[in-house]
Amino acid sequence: MATMNFGGIEEQVVTRAEFPLEKAKETLKNEVIAVIGYGVQGPGQALNLKDNGFNVIVGQRKNSKTWDKAVADGWVPGKDLFEIEEACQKGTIIQFLLSDAGQISVWPTVKRNLTAGKALYFSHGFGITYNDRTGIVPPADVDVILVAPKGSGTSLRRLFLEGRGLNSSYAIYQDATGKAKDRVVALGVGIGSGYLFETTFKKEVYSDLTGERGTLMGAIQGIFAAQYQTLRENGHTPSEAFNETVEELSQSLMPLIAENGMDWMYANCSTTAQRGALDWWKKFRDATLPVFQSLYEEVKTGREAQISIDSNSKPDYRVKLEAELKELRESEMWKAGEVVRNLRPERSKE
């Protein structure tokens, strides 16, 4: 492991320098990795493992859209694509990558195929952390491990194909074989992680649920909507309001922050922008801090988990979800965004 200094705080991380791909392949040379689920994380992780030379198979429901997607991606029925039960039987490492609701539903099938010495792998700590609500309690004679890429499966695959990596956290919940650490790190390297940092199942799900509801999705949409509405109410056109709210941030400033940090981005903006940003950021922090503290408490108590379980298990869940997404999609701000994206130079047909 390498010691990294994060603003004066030292942290142990695993990089590909000390745990290269060849070491990962040697570690897992006798394993059959069964990726269960081919929705959000499944395709990226399975394809990256396959391209990196690991023995990987996919388990998915037959005659489903995701089964067809797996076939389209090159997985062959009867060779490396199987029904979920058969894949679980064949796998020595079962990567349980269904949605949280899907994991609850399929858990009995997975559990009866977790024979001694196998490993149960997650990319989200939800099922284990809230097992009093999900019922996912693994047998004591299997390893229970986690690798959580800090991004979508689509991003994991795209960066892999570009020769780059997406950073991931890893955790060990249960080490029944004494090999859990090597297994989890090798899998993290195999799926194409940039570097790996240690966490726990509980910390992973707390940070993940907070992030999704916060700066990654919920808070950013809320801030976008508030600024866009303020500009529109003061006479700015949809184009001006959208460009100033979303387009400049996503197309110009966020890439600079990703490459060089917020301080560098500040230093390379106008002095007027610098002054305003420095004066106002603490006001936004102070205004939103109580919301984030309340959000974290809701996650920690399990109330957010229960809301998700209850909502996602209802038979009309998909219908209601689509209605909410439609409202978002057809809002003036995101209709303006559709027009703006089509006007970007790289999308021009001229």
Q: Is the shortest side-chain heavy-atom distance between Asp143 and Tyr173 below 4.5 Å?
A: no
Q: Could you tell me whether Lys300 atom NZ has more than 12 heavy atoms of other residues or ligands within 6.0 Å of it?
A: no
Q: Can you confirm whether the side chains of Thr210 and Ser207 place a donor and an acceptor under 3.5 Å from each other?
A: no
Q: Determine whether Leu187 and Ile94 fall in the same hydrophobic cluster, where Ile, Leu, Val, Met, Phe, Trp and Tyr are linked whenever their side-chain heavy atoms lie under 4.5 Å apart.
A: no
Q: Nearest heavy-atom pair of Leu328 and Ser331: which atoms, and what distance?
A: O-OG, 2.8 Å
Q: Could you tell me whether Arg61 and Glu83 have a side-chain N and a carboxylate O separated by less than 4.0 Å?
A: no
Q: Quick one: do Phe122 and Val205 end up in the same hydrophobic cluster if we chain Ile, Leu, Val, Met, Phe, Trp and Tyr together by side-chain heavy atoms under 4.5 Å apart?
A: no
Q: According to side chain to side chain contact (heavy atoms under 4.5 Å, CB included), who are the partners of Thr3, at least two apart in sequence or on a separate chain?
A: Glu10, Gln12
Q: Take Lys335 and Glu330, measure what salt bridge (charged side-chain N to carboxylate O under 4.0 Å, His left out) needs, and give me the verdict at the end.
A: CA-CA 6 Å; Lys335 294 299 272 186; Glu330 295 186 356; 5.7 Å; no
Q: Would a 4.5 Å heavy-atom cut-off, applied to side chains only, mark Ile33 and Leu28 as touching?
A: yes
Q: Search all heavy atoms of Asp141 against all heavy atoms of Ala176 and return the closest pair with its distance.
A: C-CB, 3.5 Å
Q: Is the closest basic N to carboxylate O distance between Lys23 and Glu18 below 4.0 Å?
A: no
Q: What I want to find out is whether Lys282 reaches Asp286 closely enough, with some N-O distance under 4.0 Å, to be called a salt bridge.
A: no
Q: Nearest 0.5 Å, please: how far is CZ in Arg341 from CD in Gln251?
A: 9.5 Å
Q: Within a radius of less than 6.0 Å around NZ of Lys202, do more than 12 heavy atoms belonging to other residues, nucleotides or ligands occur?
A: no
Q: With sequence neighbours left out, what residues match Phe160 under ring-ring contact (aromatic ring centres under 6.0 Å, His included)?
A: none
Q: Exactly one of Lys111, Lys62, Arg112 should register a salt bridge (Lys or Arg N to Asp or Glu O under 4.0 Å) with Glu85. Which one does?
A: Arg112
Q: I need the minimum non-hydrogen distance between Val142 and Leu114, along with the two atoms involved.
A: CG1-O, 3.9 Å
Q: Before giving the answer on side-chain hydrogen bond (donor to acceptor under 3.5 Å, both in side chains), spell out for Tyr130 and Asp100 the whole-Å C-alpha distance, their side-chain angles and the decisive distance to 0.1 Å.
A: CA-CA 10 Å; Tyr130 303 116; Asp100 296 325; over 6 Å; no
Q: Treating Ile, Leu, Val, Met, Phe, Trp and Tyr as nodes and any side-chain heavy-atom pair under 4.5 angstrom as an edge, say whether Leu81 and Ile84 lie in one connected cluster.
A: no
Q: How far does CG of Leu146 sit from NZ of Lys203, to the nearest 0.5 angstrom?
A: 13.5 Å
Q: Quick check: do Val185 and Val14 have side-chain heavy atoms less than 4.5 Å from each other?
A: yes
Q: Under 4.5 Å between any side-chain heavy atoms of Asn312 and Ser99, yes or no?
A: no
Q: Cluster question for you: counting only ILVMFWY and a side-chain heavy-atom cut-off of under 4.5 Å, with indirect links fine, are Val56 and Val32 together?
A: no
Q: Inspect the surroundings of CZ in Arg285 and state if more than 12 heavy atoms from other residues, nucleotides or ligands are less than 6.0 Å away.
A: yes
Q: Are side-chain heavy atoms of Val147 and Val184 found at a separation under 4.5 Å?
A: yes
Q: State, to 0.1 Å, how close Cys88 and Asn113 come at their nearest heavy-atom pair, and which atoms those are.
A: CB-CB, 3.7 Å
Q: Quick check for you: to the nearest 0.5 Å, what is the distance between Asn55 atom CG and Lys25 atom NZ?
A: 12.0 Å
Q: Nearest 0.5 angstrom please: Ser123 OG to Leu156 CG, how far?
A: 9.0 Å
Q: Can you check side-chain hydrogen bond (donor to acceptor under 3.5 Å, both in side chains) on Gln229 and Glu233, steps first, answer last?
A: CA-CA 6 Å; Gln229 180 178 331; Glu233 287 174 349; 2.9 Å; yes
Q: Applying side-chain hydrogen bond (donor to acceptor under 3.5 Å, both in side chains) to Gln306 and Asp310, what does each step give before you reach the verdict?
A: CA-CA 6 Å; Gln306 193 62 52; Asp310 292 344; 2.8 Å; yes
Q: Would you call Leu49 and Asp51 a side-chain contact if the rule is heavy atoms closer than 4.5 Å?
A: no
Q: Among residues at least two apart in sequence or on other chains, which ones pass side chain to side chain contact (heavy atoms under 4.5 Å, CB included) with Met254?
A: Leu249, Ile257
Q: On a heavy-atom basis, which atom in Val71 and which in Pro77 lie closest, and how many Å separate them?
A: CG2-CG, 4.1 Å
Q: Compute both the distance and the angle, then confirm whether Lys90 meets the cation-pi test with Phe82: under 6.0 Å from the six-membered ring centre, within 45 degrees of the axis.
A: yes
Q: Can you measure from CG (Leu98) to OG (Ser105) and round to the nearest 0.5 angstrom?
A: 8.5 Å
Q: Validate the cation-pi geometry between Lys69 and Trp75: distance from NZ or CZ to the six-membered ring centre under 6.0 Å, angle to the ring axis within 45°.
A: no
Q: May I ask you to list the residues sharing a hydrophobic cluster with Tyr317, side-chain cutoff 4.5 Å, ordered by chain and number?
A: Leu321, Leu325
Q: Within the 3.5 Å criterion, strictly below it, is a donor on Ser270 or Thr272 matched to an acceptor on the partner's side chain?
A: no
Q: Determine the minimum heavy-atom distance between Thr199 and Glu204, stating which atoms define it.
A: OG1-N, 3.7 Å
Q: Who are the side chain to side chain contact (heavy atoms under 4.5 Å, CB included) partners of Asp182, not counting sequence neighbours?
A: Phe19, Thr27
Q: Tell me, do Tyr121 and Leu97 make a side-chain contact under 4.5 Å, heavy atoms counted?
A: yes
Q: Please determine whether side chain to side chain contact (heavy atoms under 4.5 Å, CB included) holds for the pair Val144 and Ile128, giving the CA-CA distance in whole Å, both sets of side-chain angles, and the decisive distance to 0.1 Å.
A: CA-CA 9 Å; Val144 183; Ile128 292 292; 4.2 Å; yes
Q: Compare all side-chain heavy atoms of Gln41 with those of Pro149 and state whether any distance is below 4.5 angstrom.
A: yes
Q: What distance do Lys150 atom NZ and Ser169 atom OG have between them, rounded to the nearest 0.5 Å?
A: 4.0 Å
Q: Taking NZ, NE, NH1 and NH2 as the nitrogens, is one of them in Arg158 or Glu162 under 4.0 Å from a carboxylate oxygen of the other?
A: yes
Q: Looking at Arg329, I'd like to know if its CZ atom is crowded, meaning that more than 12 non-hydrogen atoms belonging to other residues, nucleotides or ligands lie closer than 6.0 Å.
A: yes
Q: With no hydrogens and no angle check, just 3.5 Å: does a side-chain donor-acceptor pair link Glu332 and Tyr228?
A: yes
Q: If you apply the rule side-chain hydrogen bond (donor to acceptor under 3.5 Å, both in side chains), what do you find for Ser308 with Ser311, and how did you get there?
A: CA-CA 5 Å; Ser308 294; Ser311 173; over 6 Å; no
Q: For residues 242-299, pull every pair meeting ring-ring contact (aromatic ring centres under 6.0 Å, His included), keeping only residues two or more places apart or in separate chains.
A: Tyr206-Tyr296, Phe242-Trp334
Q: Is it true that atom CD of Glu327 has more than 12 heavy atoms of other residues, nucleotides or ligands lying nearer than 6.0 Å?
A: no
